Structure formats: structure tokens, C-alpha cells
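Read through the structure below, which is laid out as C-alpha cells, and then see the notes.
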Amino acid sequence: MRQPLVAGNWKMNGSSGSVRELIDGILSGLETKAEVLVFPPYLYVQQVRDLLQGSLVKFGVQNASDKLSGAYTGEVSPLMAKDLGCEYVLIGHSERRSIYGETDADVAAKFCALVDNGLGPVLCIGETLQEREAGTTMSVVAEQLNTVLRTAGPERLANFVIAYEPVWAIGTGLTATPGQAQEVHAYIRELLAENDQSMADRTRILYGGSMKADNAAELMAQADVDGGLIGGASLVAADFKVICHAAG
Ligand code: 13P
């Protein structure tokens with residue numbers, strides 16, 4: 001049985017004032033059996049950690065370097081994320097891929113660095129609108145995932161999460177239908193099963209892309225949708241809590 005996971009990706013939003021308000025709002029009356037996680041911007045991680053102390057809500061960061069230390073100006077090491085108490089790190093978000101040019105190979109290197117340092121990668125994959133319209137959704141997703149699986153090798157695949165985020169649904173208000181989401185999630189699980197059935201059974205696959213308070217329940221009711229990766233709606237405490245509640 002996979003425990004549902006709901007993760008809020010705050011992206012580059014917030015201030016020290018709004019972070020306090022948002023965390024206070026999330027913690028007040030949060031009712032769910034799901035694992036709940038937030039990804040604040042780096043500069044607010046320590047504040048978020050302090051505010052979350054004593055709660056079950058976890059935190060992580062939105063990206064990390066594949067290097068551990070040294071002359072890499074502007075980068076953040078997995079060791080630093082670990083040092084501050086992060087459990088999970090988001091990698092391969094479509095905004096990292098499209099705006100900052102991260103390749104499947106870059107993402108795979110980050111995956112390995114995270115696992116080797118005791119962190120759980122949340123690996124984002126997903127197709128663009130053009131790719132969906134060209135009928136290549138499954139091959140795009142397979143290539144993104146298989147590059148990581150191949151590079152990591154079986155011993156690094158004990159504890160990670162996949163987030164399927166169709167790029168055309170991110171921040172657009174266009175959500176995949178529950179059927180569209182389930183179709184790709186089931187395929188991703190098949191790809192995992194080709195490597196290892198027990199990994200396929202235990203690995204959580206989140207849906208992301210305009211998941212909101214009013215569509216979360218039907219998306220998460222799909223057999224292979226194990227939770228959500230939430231952007232915009234994770235910045236509104238009341239909406240985020242509804243989504244957490246819908247997860248279980
Ligand atoms: P939205 O929920 O704003 O569409 O963003 C999804 C996302 O990119 C989460 O990582």
C-alpha cells in the first residue's frame with residue numbers, strides 16, 4: 001500500500017512574511033493521512049524548518065547540484081540540503097529543463113548525487129503540448145525516466161518519487177483529465193516494472209499540472225495516481241489543505 005504524498009512546489013514565490021502566514025495556515029486544521037511536503041525557495045528553508053518543527057509536514061528544496069562542494073557559484077549542494085533537514089529534493093522540473101537547459105543526463109547525475117547522500121529525489125517528467133499532439137507522450141516520458149533508471153542502476157532505486165507533470169498543464173489551468181493522467185501513470189509503472197516489480201509497486205507517482213482544490217479528488221482517485229505536486233494552489237493554505245485531505 002503506497003502512502004499518498006502531496007507536495008507543494010512554491011517555485012520562486014514568497015517573502016519571509018508570507019512564508020510564516022502560509023505555514024501557519026497549512027498547519028492549522030490540517031487533516032490527512034497523506035505525507036505532506038513543501039518545497040520553499042532555498043532562502044526560506046531554515047525559516048520553514050523552524051515553523052514546521054513538531055508537525056508532520058516535511059520540507060525539501062526545488063533543485064540541487066550534482067556536485068557536493070567547491071567552486072560552483074550559485075549552486076546548492078545535496079549535503080547542504082541534508083544538513084538543513086530536507087528529506088526530498090525536486091529534480092528535473094520542466095522549468096529547469098526548458099528555461100535552464102537541464103538535460104536528462106544532468107537530471108540523472110543529480111538523482112545519483114541525492115541518493116548517494118541519503119536524500120529522496122522527486123523526479124519530474126512530462127511531455128510538452130507539441131509532443132502530446134505529435135503522439136510521442138509515451139516515448140518522451142520513457143526516455144526521461146529510462147535515462148535516470150539506467151544511470152542510477154538498481155541499487156539506487158530504493159526510495160524515490162516520480163512526478164508526472166505534462167508541461168501543457170503547468171500553470172495554465174488546463175489539467176489532464178483523470179483518464180489522461182491514469183494512462184500515463186500506468187505506463188510509467190509498467191516501465192518501472194520492467195526493471196523491478198517491487199519497485200513498481202512501492203514507488204509513488206504524483207500528478208502535477210493545475211491540480212486544484214476542485215479537481216484533486218478525481219485525479220487522485222485513479223489507481224496509479226499516488227498524490228500531487230502542486231504549484232499555484234500550494235500558495236493558498238486553504239486550497240492546499242483541501243488537496244491534502246482529498247489525498248487520504
Ligand atoms: P501548477 O499547479 O501551478 O500548474 O504547477 C504545477 C507544477 O509545476 C508543480 O511543480
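Remember, predicted model here, so these are calculated numbers, not experimental data. FYI, the numbering just counts along the sequence from 1.
- Using a 4.5 Å cut-off on side-chain heavy atoms (C-beta onward), Tyr187 and Thr137 make no contact.
- Under the 4.5 Å side-chain criterion, counting only non-hydrogen atoms from C-beta, Leu192 is in contact with Leu149.
- Scanning all heavy atoms of the two residues, the minimum distance from Ser65 to Ala113 falls at O-CB, 4.3 Å.
- For Ser234 (side chain) and Phe240 (main-chain N/O), no donor-acceptor pair under 3.5 Å exists by modelled atom type.
- The cluster map of Ile, Leu, Val, Met, Phe, Trp and Tyr, joined by side-chain heavy atoms under 4.5 Å apart, puts Ile243 and Leu27 in the same cluster.
- At most 12 heavy atoms of other shown residues, nucleotides or ligands fall within 6.0 angstrom of atom CZ in Arg20.
- Closest of all the heavy-atom pairs between Ala142 and Leu191 is CA-CD1, 3.7 Å.
- Asn63 places a side-chain heavy atom less than 4.5 Å from the side chain of Glu102.
- Both Val148 and Ile125 sit in one connected hydrophobic cluster of ILVMFWY residues. Membership requires side-chain heavy atoms under 4.5 Å apart, directly or through other members.
- Side-chain N or O atoms of Thr175 include one that pairs as donor or acceptor with a backbone N or O of Ser210 at under 3.5 Å.
- Note that CG of Asp224 is 15.5 Å distant from OH of Tyr207, once rounded to the nearest 0.5 Å.
- Annotation for Leu30 and Cys244: closest pair CD1-CB, 3.9 Å, computed over non-hydrogen atoms.
- Of the possible donor and acceptor atoms, none in the side chain of Lys33 sits under 3.5 Å from a partner among the backbone N and O of Pro4.
- Of all the heavy atoms in Ala152 and Cys112, the pair that sits closest is CA-SG, 3.8 Å.
- The CE atom of Met211 lies 5.0 Å from the CE atom of Met220; values are rounded to the nearest 0.5 Å.
- A salt bridge is absent between Asp239 and Lys212: the closest approach of a Lys/Arg side-chain nitrogen to an acidic carboxylate oxygen does not fall below 4.0 angstrom.
- One finds a salt bridge joining Arg97 and Asp104 here, because a Lys/Arg side-chain nitrogen approaches an Asp/Glu carboxylate oxygen to under 4.0 Å.
- In the model, Gln130 has no side-chain atom that pairs as donor or acceptor with a side-chain atom of Trp168 under 3.5 Å.
- Contact detail for Ala108 and Thr147: the closest heavy-atom pair is CB-O, 4.1 Å.
- Between the side chain of Glu131 and the main chain of Thr136, no donor-acceptor pair closer than 3.5 Å is present.
- Side chain of Lys58 to main chain of Glu87: no donor-acceptor pair is present (N/O by atom type, distance under 3.5 Å, no hydrogens or angles).
- Distance alone, capped at 3.5 Å, places no donor-acceptor pair between the Thr203 side chain and the Ala200 backbone.
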Show the numbers, then the answer: is there a side-chain contact (heavy atoms from CB on, under 4.5 Å) between Gln144 and Tyr164?
CA-CA 11 Å; Gln144 291 171 334; Tyr164 168 60; over 6 Å; no
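- Shown here is Leu56, whose CG atom has no more than 12 heavy atoms of other residues, nucleotides or ligands within 6.0 Å.
- Checked by atom type and distance alone, the side chain of Asp83 never pairs as donor or acceptor with a backbone atom of Met80 at under 3.5 Å.
- There is a path of hydrophobic side-chain contacts, each under 4.5 Å, that joins Tyr42 to Leu119.
- In the displayed structure, Leu129 atom CG is contacted under 6.0 Å by more than 12 heavy atoms of other residues, nucleotides or ligands.
- Counting only N and O atoms by type, the side chains of His93 and Glu165 include a donor and acceptor under 3.5 Å apart.
- In this structure, CD1 in Ile170 is found 7.5 Å from SG in Cys124, a value given to the nearest 0.5 Å.
- With rounding to the nearest 0.5 angstrom, the CD1 atom of Ile188 is 5.5 Å from the CD1 atom of Ile205.
- Formation of a donor-acceptor pair under 3.5 Å by the Asn117 side chain with backbone atoms of Ala81 is not found in this model.
- Counting only distance, with no hydrogens or angles, the side chain of Arg204 and the backbone of Gln3 share a donor-acceptor pair below 3.5 Å.
- Taking a 6.0 Å sphere around CD of Glu155, one finds it holds more than 12 heavy atoms contributed by other residues, nucleotides or ligands.
- A donor-acceptor pair under 3.5 Å is formed between the side chain of Lys110 and the backbone N or O of Ala64.
- The distance from the CG atom of Leu43 to the OG atom of Ser15 is 12.0 Å, given to the nearest 0.5 Å.
- Looking at every heavy atom in both residues, Val167 comes nearest to Gly126 through CG2-O, 4.0 Å.
- Going from atom CG of Leu145 over to atom CD of Glu194 covers 10.0 Å, rounded to the nearest 0.5 Å.
- Just one of Asp196, Asp201, Asp226 meets the salt bridge (Lys or Arg N to Asp or Glu O under 4.0 Å) condition when paired with Arg189; it is Asp226.
- Using a 4.5 Å cut-off between side-chain heavy atoms of Ile, Leu, Val, Met, Phe, Trp and Tyr, with links allowed through other members, Leu79 and Val76 fall into different hydrophobic clusters.
- Side-chain contact check for Leu52 versus Val38: some heavy-atom pair is nearer than 4.5 Å.
- The pair Lys11-Glu95 counts as a salt bridge, with a side-chain nitrogen and a carboxylate oxygen less than 4.0 angstrom apart.
- Connection of Ile162 to Ile91 is established within a shared hydrophobic cluster, with ILVMFWY side chains joined at heavy-atom distances below 4.5 Å, either directly or through further cluster members.
- In this structure, the side chains of Val48 and Phe39 stay at 4.5 Å or more apart for every pair of heavy atoms.
- Taking the side chain as every heavy atom from C-beta outward, Tyr88 and Pro121 never approach each other to under 4.5 Å.
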